[in-house]
Amino acid sequence: MTTKPSTRTATGRGLTTGTLVAGLLAVCLAQIGLAIPATLNGLFQSDLHPVGSQLTWISDAFLLPVAVLELTFGLLGDLFGRKRLLIGGASLLAAGELVSATASGIHQLWAGQALAGLGAAALFPTSLAILAAGTTSPAQRARVIAMWAALLSTGGFLAPLLGGITATYGSWRWSFVVVTAIAAASAAVSALFAVNSSAPAGRSLDVAGQLTIGLGLFSLLYAIIQGPTDGWASPSIIIAFALAAVFLAAFVLAEKRAKSPLLRLDLFRNRAFAVASVVAVVGMFAFLGTAYSVSIRLGPVQDQAPMRTALAFVLLNGITLVMLPLTERLLRTAAPGLLLGAGLLLIAAGDYWAATLPITDSAFTSLILPLGLVGLGFAITVSSITATAVNTVPVHLAGMASATTNLLRDFGFTLGPAIIGAVALSRAASNFSDSLHDSALPGALKGAGTAVLDEGGPLAVNGASTTSPKLADLHPLALDALGHGYSIGFVVCGSTALFSALLALATLRSRAAPHADSTEH
């Protein structure tokens with residue numbers, strides 16, 4: 001399919017101010033939508049009473065369509081024009097957030113977040129591709145990528161502030177109402193000011209590729225998230241893992257045979273792109289796993305005010321915006337391996353530090369330095385991953401490269417809550433059960449604690465023992481078990497960040513020269 005869009009394209013004119021504003025607003029909006037539930041986990045727990053893995057599914061209901069559909073939306077933007085996807089993605093996100101704002105139960109909230117995630121899946125790759133298509137030099141591209149990454153993180157720290165303020169002075173529902181308004185504004189700005197671009201040459205829809213990767217990723221994430229609730233040896237979880245392996249293998253075969261593949265596997269022959277892809281998954285898993293652990297620690301476990309969680313997320317995300325001038329300079333002058341390695345080492349150091357904090361320590365000052373290290377590391381890492389991947393492919397493949405990088409990054413984000421939730425809750429449930437069995441508590445109270453644990457997991461025990469005087473003696477055991485579980489979560493995140501750092505330092509030793517190919521339409 002080689003049909004060219006009838007609207008004006010950006011490359012011939014350079015990057016216009018309207019396109020720049022529309023693209024940056026779109027990625028900021030998408031990240032606000034992605035990050036907003038984490039601030040509100042404590043309120044969801046107390047208001048909607050999710051049990052087992054239901055709390056994890058609130059975040060992953062948004063992240064799953066993002067991870068599954070980003071490649072497809074990157075392709076659709078290349079084929080039919082990126083401006084349309086900016087408008088449509090923002091509109092879908094607005095509709096999903098409105099459904100979430102009016103949710104009467106956990107299932108409607110899941111549906112709203114899934115619809116909003118569908119919109120974000122269009123916005124993440126399209127916003128980067130429309131900006132990259134308008135650049136005319138490597139220096140301008142580095143500057144634009146740094147700005148895109150900064151607005152990504154801006155959305156990440158605006159979301160918890162928005163959640164904290166609306167939850168403090170209203171309810172969690174108002175958070176979604178405000179995001180709806182931002183999404184409507186983004187759609188309007190894109191419609192009025194963005195200049196269209198596309199790269200349709202040699203590209204067409206890849207139905208087999210989309211079906212296999214979609215089913216494969218869904219099966220994998222379902223197994224990881226439901227494992228602690230259903231049991232890792234249960235038939236449903238074993239079948240889900242098996243289906244994930246089958247469908248992901250089928251995706252590779254489908255892409256090898258497709259005339260116009262959803263993902264060109266030969267991109268991974270480029271060492272810099274391949275390493276950036278691995279780091280995008282593993283490194284970003286470490287970052288969002290950290291953010292999820294912090295949100296659960298401060299919210300459902302310690303029952304701190306939403307603004308405390310908001311301030312923690314400002315530390316995690318806000319540093320990227322402050323560092324924008326330095327990041328832009330580093331992207332043009334430093335070796336990508338050094339940048340990636342340094343950023344990931346900082347994330348690892350912050351995680352290992354956070355793992356040493358006792359769960360009984362509710363002072364916010366204890367979190368400032370470890371979370372500051374993670375935030376500083378993320379500021380360096382997220383820009384470096386994007387620049388390394390996009391700058392090492394021809395310009396006419398920028399849409400595919402940005403969509404692939406976004407998919408892998410957001411798949412890593414999706415794995416964060418899924419894996420850390422599974423590890424922490426499984427460990428906490430085991431610790432609580434052992435401690436309860438060994439305690440001198442009355443038999444009736446032990447029975448009640450076991451019943452609550454079986455029904456809703458350790459978070460449910462922690463919440464019930466806080467509000468019910470009859471179960472108050474269970475609270476120290478539940479608190480200690482959850483603290484131990486999420487400390488292990490921080491260690492897992494730190495270890496994966498350390499692995500990614502060593503991989504980047506070992507394999508990316510020289511600066512990548514960006515391709516000058518300019519066959520973009």
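If you read the sequence from its start, that first residue is 1, and numbering goes on from there. It should be emphasised that the depicted structure is a prediction, and the values quoted were computed from it without experimental measurement.
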**OP:** Over all heavy atoms of both residues, which pair between Ala497 and Ile347 is shortest? Give the atoms and the distance, please.
**Re:** CB-CG2, 3.8 Å

**OP:** Would you mind reporting whether Thr496 and Leu344 have side-chain heavy atoms less than 4.5 Å apart?
**Re:** no

**OP:** Could you list the residues that satisfy ring-ring contact (aromatic ring centres under 6.0 Å, His included) with Phe378, not counting sequence neighbours?
**Re:** Phe287

**OP:** Check side-chain contact (heavy atoms from CB on, under 4.5 Å) between Ala95 and all other residues, then give those that pass, not counting sequence neighbours.
**Re:** Leu115

Original post:
What residues form a ring-ring contact (aromatic ring centres under 6.0 Å, His included) with Phe247, not counting sequence neighbours?
Top reply: none

Original post:
Of all residues at least two apart in sequence or in a different chain, which pass the side-chain contact (heavy atoms from CB on, under 4.5 Å) check with Leu211?
Top reply: Val207

Subject >> Closest heavy-atom pair and its distance - Val177, Ala101 >> reply: CG2-CB, 3.8 Å

Subject >> Partners passing side chain to side chain donor-acceptor pair (under 3.5 Å) against Gln140 (at least two apart in sequence or in another chain) >> reply: Thr136

With a cut-off of 3.5 Å and sequence neighbours excluded, list every side-chain donor-acceptor pair involving residues 154-166.
{"unit_1": "Thr154", "atom_1": "OG1", "unit_2": "Ala150", "atom_2": "O", "d": "2.7"}
{"unit_1": "Thr166", "atom_1": "OG1", "unit_2": "Leu162", "atom_2": "O", "d": "2.7"}
{"unit_1": "Thr166", "atom_1": "OG1", "unit_2": "Gly163", "atom_2": "O", "d": "3.3"}
{"unit_1": "Thr166", "atom_1": "OG1", "unit_2": "Ser175", "atom_2": "OG", "d": "2.4"}

Original post:
Got a second to check how far Ser186's OG is from Leu25's CG, nearest 0.5 Å?
Top reply: 4.0 Å

**OP:** Calculate, to the nearest 0.5 Å, the distance between atoms CG and OG belonging to Leu123 and Ser190 respectively.
**Re:** 8.0 Å

Original post:
Any side-chain heavy atom of Phe193 sitting closer than 4.5 Å to one from Thr16?
Top reply: no

Subject >> Residues which pass side chain to side chain donor-acceptor pair (under 3.5 Å) with Thr290, listed by chain and number, not counting sequence neighbours >> reply: Asp351

Subject >> Contact check, side chains of Leu128 and Val27, non-hydrogen atoms, under 4.5 Å >> reply: no

Original post:
Heavy atoms, side chains only, cut-off 4.5 Å: are Thr309 and Val294 in contact?
Top reply: no

Original post:
Just wondering, do Ile296 and Ile420 contact through their side chains at under 4.5 Å, heavy atoms?
Top reply: no

**OP:** Output all residues satisfying side-chain contact (heavy atoms from CB on, under 4.5 Å) with Leu217, sequence neighbours left out; order by chain, then residue number.
**Re:** Val68, Ile213, Leu248, Phe411

**OP:** Provide the closest heavy-atom pair for Thr381 versus Leu340 in the form atom of the first, atom of the second, distance.
**Re:** O-CD2, 3.8 Å

Original post:
Step by step, would you call Val195 with Ile130 a side chain to side chain contact (heavy atoms under 4.5 Å, CB included)?
Top reply: CA-CA 9 Å; Val195 177; Ile130 202 171; over 6 Å; no

Original post:
So which heavy atom on Glu97 is nearest to which on Ala116, and how close?
Top reply: OE1-CB, 3.8 Å

Subject >> Sole residue of Leu288, Ile224, Leu221 in side-chain contact (heavy atoms from CB on, under 4.5 Å) with Pro417 >> reply: Leu288

Subject >> Stepwise side chain to side chain contact (heavy atoms under 4.5 Å, CB included) check, Met147 with Leu20 >> reply: CA-CA 10 Å; Met147 294 174 68; Leu20 179 66; 4.0 Å; yes

Original post:
Would Arg82 and Ser197 count as a side-chain hydrogen bond (donor to acceptor under 3.5 Å, both in side chains) if you check the C-alpha gap in whole Å, the side-chain angles of each, and the deciding distance to 0.1 Å?
Top reply: CA-CA 6 Å; Arg82 293 155 185 153; Ser197 68; 3.0 Å; yes

Original post:
Of all residues at least two apart in sequence or in a different chain, which pass the side chain to side chain donor-acceptor pair (under 3.5 Å) check with Gln302?
Top reply: Gln304

Original post:
Who are the salt bridge (Lys or Arg N to Asp or Glu O under 4.0 Å) partners of Arg143, not counting sequence neighbours?
Top reply: Glu328

Original post:
What distance separates Thr19 OG1 from Asn196 CG, expressed to the nearest 0.5 Å?
Top reply: 9.0 Å

Subject >> Residue pair Leu131, Leu24: steps toward the side chain to side chain contact (heavy atoms under 4.5 Å, CB included) verdict >> reply: CA-CA 9 Å; Leu131 296 178; Leu24 295 179; 3.9 Å; yes

Subject >> CG-OG1 distance between Leu15 and Thr17, expressed to the nearest 0.5 angstrom >> reply: 7.5 Å

**OP:** For Pro370, enumerate each residue passing the side-chain contact (heavy atoms from CB on, under 4.5 Å) test, keeping only those at least two apart in sequence or located in another chain.
**Re:** Trp353, Ala354, Leu357

**OP:** Kindly give the heavy-atom pair with the smallest separation between Phe176 and Gln113, and that separation in Å.
**Re:** CE2-NE2, 3.5 Å

Original post:
Can you name the side chain to side chain donor-acceptor pair (under 3.5 Å) partners of Ser366, sequence neighbours left out?
Top reply: Asp361

Original post:
Looking only at side chains, do Gln108 and Thr102 share a donor and an acceptor under 3.5 Å apart?
Top reply: yes

Subject >> Pairwise side-chain contact, Tyr292 with Ile419, heavy-atom cut-off 4.5 Å (strictly under) >> reply: no

Original post:
How long is the span from the CD1 atom in Ile36 to the CD1 atom in Ile58, to the nearest 0.5 Å?
Top reply: 13.0 Å

**OP:** Decide yes or no for Phe364 and Ile368: does some side-chain heavy atom of the first lie under 4.5 Å from some side-chain heavy atom of the second?
**Re:** yes

Subject >> Heavy-atom pair with the smallest gap, counting every atom of Val282 and Ser500 >> reply: CG1-OG, 3.1 Å

Subject >> Contact check, side chains of Trp57 and Asp60, non-hydrogen atoms, under 4.5 Å >> reply: yes

Subject >> Phe73 and Leu118: CA distance, side-chain angles, deciding distance, side chain to side chain contact (heavy atoms under 4.5 Å, CB included) verdict >> reply: CA-CA 10 Å; Phe73 279 117; Leu118 187 63; 4.1 Å; yes

**OP:** Starting at CG of Leu315, measure out to CG of Leu371 and round the result to the nearest 0.5 Å.
**Re:** 6.0 Å

